[in-house]
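The structure under discussion appears below in the form of structure tokens.
Below, chain A is the first sequence line, B the second, and so on; all start at residue 1. These values consider heavy atoms only, across backbone and side chains, with no hydrogens, waters or symmetry-generated copies.
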Protein chains: 2
Amino acid sequence: MKAALDLLRDLGVQPTPQRIAVARFVLRTGRHPTADEVLAHVRRTCPTASRATVYNTLNLLVDRGLLRVQVLRGGRAVYDANTERHHHFIDERTGAIHDVPWHAVTVGGTAALDDFEVRDYQVVMRGRKRKH
Amino acid sequence: MKAALDLLRDLGVQPTPQRIAVARFVLRTGRHPTADEVLAHVRRTCPTASRATVYNTLNLLVDRGLLRVQVLRGGRAVYDANTERHHHFIDERTGAIHDVPWHAVTVGGTAALDDFEVRDYQVVMRGRKRKH
DNA sequence: GTTCGTGCAAACGGTTTGCAACAAT
DNA sequence: ATTGTTGCAAACCGTTTGCACGAAC
């Protein structure tokens, strides 16, 4: 994983402390944080960071394709650093969102739909995470 | 399809004109209306109906299992009278949501996931609706 | 000195809630 | 009389926007 500083430089935006803090956290975590969770984390290293700046930076990363937004649980947007195709599993109990590798699930029949030209798809699963 | 009046009676709630109007529209349409679209329709036969009453009635039908809410396009909730398992296709151009029959698409591998006990799933497809 | 980025606060849009009037029982 | 339902308006919550101050080039 390239350093956040370099990523921001590559985007041609000023690598300010706030942006570095947002990028470092959101691009490295395997979780699917909400904007407020990002804000809380960023404030630990950059206490003056504002909600607006966090949203601005997240939207910037989304626009540049380094991040995906999803609205998997009602209302709140979550940010997903995994930009490769994958599926999602939502834990009924905790609401936690987990990535499911693309090849772990097979989907058939989308090409045979008469009415729809499917360009992309994902499987959204719900259930209980197993404790192993 | 049972009459809206009887459905409401079965739920044990008073079948008021507003509730009948909401139930009649939302349970019969094949579309996936937002709350505001329901309100607009309901106002045609029941001009005094308020937004709050529409929301209350929709939530009531959802709680009773006659209706599903989904947040497939960011921000707005849509109400889906199809309570049987099915998939969804979202038109990239119009944002329209279409139901895809359960058997039209096959999904494999969910039972073999080690970490997750999948209790339910759906495929969310995006693309362009074909004009035939 | 012009541009870009920040923090704050206000605005926004969809949804929920508090409440007083009112209908049903 | 008690309970349930309505419409209105205000509150709410996540997100976006306007703006004046400050930093970077």
Side-chain angles (χ1 to χ4, degrees), chain A residues 4-5 7-24 26 32-64 67-80 95 97, chain B residues 4-5 7-24 26 32-64 67-80 95 97:
Chain A
L5 183 78
L7 284 168
L8 292 170
R9 278 207 247 266
D10 291 353
L11 295 181
V13 301
Q14 283 182 36
T16 65
Q18 295 86 342
R19 284 176 175 164
I20 294 172
V22 170
R24 276 189 66 90
V26 82
H32 298 71
T34 64
D36 263 16
E37 288 166 353
V38 177
L39 178 62
H41 247 270
V42 163
R43 283 238 163 113
R44 308 211 305 219
T45 61
C46 193
T48 75
S50 71
R51 207 176 303 270
T53 298
V54 168
Y55 273 107
N56 288 339
T57 305
L58 289 171
N59 287 340
L60 188 144
L61 295 174
V62 169
D63 290 345
R64 299 303 219 279
L67 207 55
R68 278 183 142 75
V69 220
Q70 301 242 182
V71 196
L72 295 171
R73 333 192 279 251
R76 317 150 92 94
V78 299
Y79 295 87
D80 188 345
I97 299 167
Chain B
L5 184 78
L7 283 168
L8 291 170
R9 278 207 247 267
D10 290 353
L11 295 180
V13 299
Q14 283 183 36
T16 65
Q18 294 86 341
R19 285 176 174 162
I20 294 172
V22 170
R24 277 189 66 88
V26 82
H32 298 72
T34 63
D36 263 15
E37 288 166 355
V38 176
L39 178 62
H41 248 269
V42 163
R43 282 240 165 111
R44 309 212 302 222
T45 59
C46 192
T48 75
S50 71
R51 207 176 303 271
T53 298
V54 168
Y55 273 107
N56 288 339
T57 305
L58 290 172
N59 289 340
L60 189 143
L61 294 174
V62 170
D63 290 345
R64 300 303 219 276
L67 206 56
R68 278 184 143 75
V69 221
Q70 301 241 185
V71 196
L72 295 171
R73 333 192 279 250
R76 317 151 91 95
V78 299
Y79 296 87
D80 187 347
I97 299 168

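Rounded to an integer number of Å, the gap from CD of B/E37 to P of C/dT15 is 11 Å. Going from atom CD of A/Q70 over to atom P of D/dT15 covers 14 Å, rounded to whole Å. B/R51 places its CZ atom 17 Å from the P atom of C/dT17, with the value rounded to the nearest Å. Rounded to whole Å, the distance from CG on A/L60 to C1' on D/dT15 is 16 Å.
Regarding contacts with the backbone of C/dT15, every side-chain N or O of B/N59 stays at 4.0 angstrom or more from both OP1 and OP2.
An angle of 0°, rounded to 10°, separates the two end axes of the helix from C/dG1-D/dC25 to C/dT25-D/dA1, each defined over five pairs.
For the atom pair CG (A/N59) and CZ (A/R64), the distance works out to 11.5 Å, reported to the nearest 0.5 Å. The distance from the CG atom of B/L60 to the CG atom of B/L8 is 8.0 Å, given to the nearest 0.5 Å. Between the CD atom of B/Q18 and the OG1 atom of B/T57 there is a distance of 8.0 Å, given to the nearest 0.5 Å. Taken from CG in B/L61 to CG in B/L11, the straight-line distance is 7.0 Å, to the nearest 0.5 Å. Note that CZ of B/R19 and CG of B/N56 are 8.0 Å apart. Values are rounded to the nearest 0.5 Å.
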Review item, nucleotides 9-14 of chain C N/O atoms under 3.5 Å of protein N/O:
{"unit_1": "C/dG14", "atom_1": "OP1", "unit_2": "B/R76", "atom_2": "NH1", "d": "2.8"}
{"unit_1": "C/dG14", "atom_1": "OP1", "unit_2": "B/R76", "atom_2": "NH2", "d": "3.2"}

What does the list of N/O pairs under 3.5 Å between the protein and nucleotides 3-6 of chain C look like, with a distance for each?
{"unit_1": "C/dG5", "atom_1": "OP1", "unit_2": "A/Q14", "atom_2": "N", "d": "3.4"}
{"unit_1": "C/dG5", "atom_1": "OP1", "unit_2": "A/R19", "atom_2": "NH1", "d": "2.7"}
{"unit_1": "C/dG5", "atom_1": "OP1", "unit_2": "A/R19", "atom_2": "NH2", "d": "3.4"}
{"unit_1": "C/dG5", "atom_1": "O5'", "unit_2": "A/R19", "atom_2": "NH2", "d": "3.4"}
{"unit_1": "C/dT6", "atom_1": "OP1", "unit_2": "A/T16", "atom_2": "OG1", "d": "2.4"}
{"unit_1": "C/dT6", "atom_1": "O3'", "unit_2": "A/Q18", "atom_2": "NE2", "d": "2.9"}

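When every heavy atom of B/V26 is checked against every heavy atom of B/P33, the shortest pair comes out as CG2-CG, 4.2 Å. A/Y79 and A/A35 make their closest contact through CE1-N, 4.0 Å (heavy atoms, listed as atom of the first residue, atom of the second, distance). Scanning both residues, B/A21 and B/C46, for their nearest heavy atoms gives CB-CB, 4.4 Å.
Residues forming a side-chain hydrogen bond (donor to acceptor under 3.5 Å, both in side chains) with A/D80 (at least two apart in sequence, or on another chain): A/H32, A/H86, A/H88. Applying the salt bridge (Lys or Arg N to Asp or Glu O under 4.0 Å) criterion to A/R51, with sequence neighbours excluded, gives A/D36.
Within the structure, every pair that satisfies the side chain to side chain donor-acceptor pair (under 3.5 Å) test and touches residues 40-50 of chain A, not counting sequence neighbours, is listed here: A/S50-A/T53.
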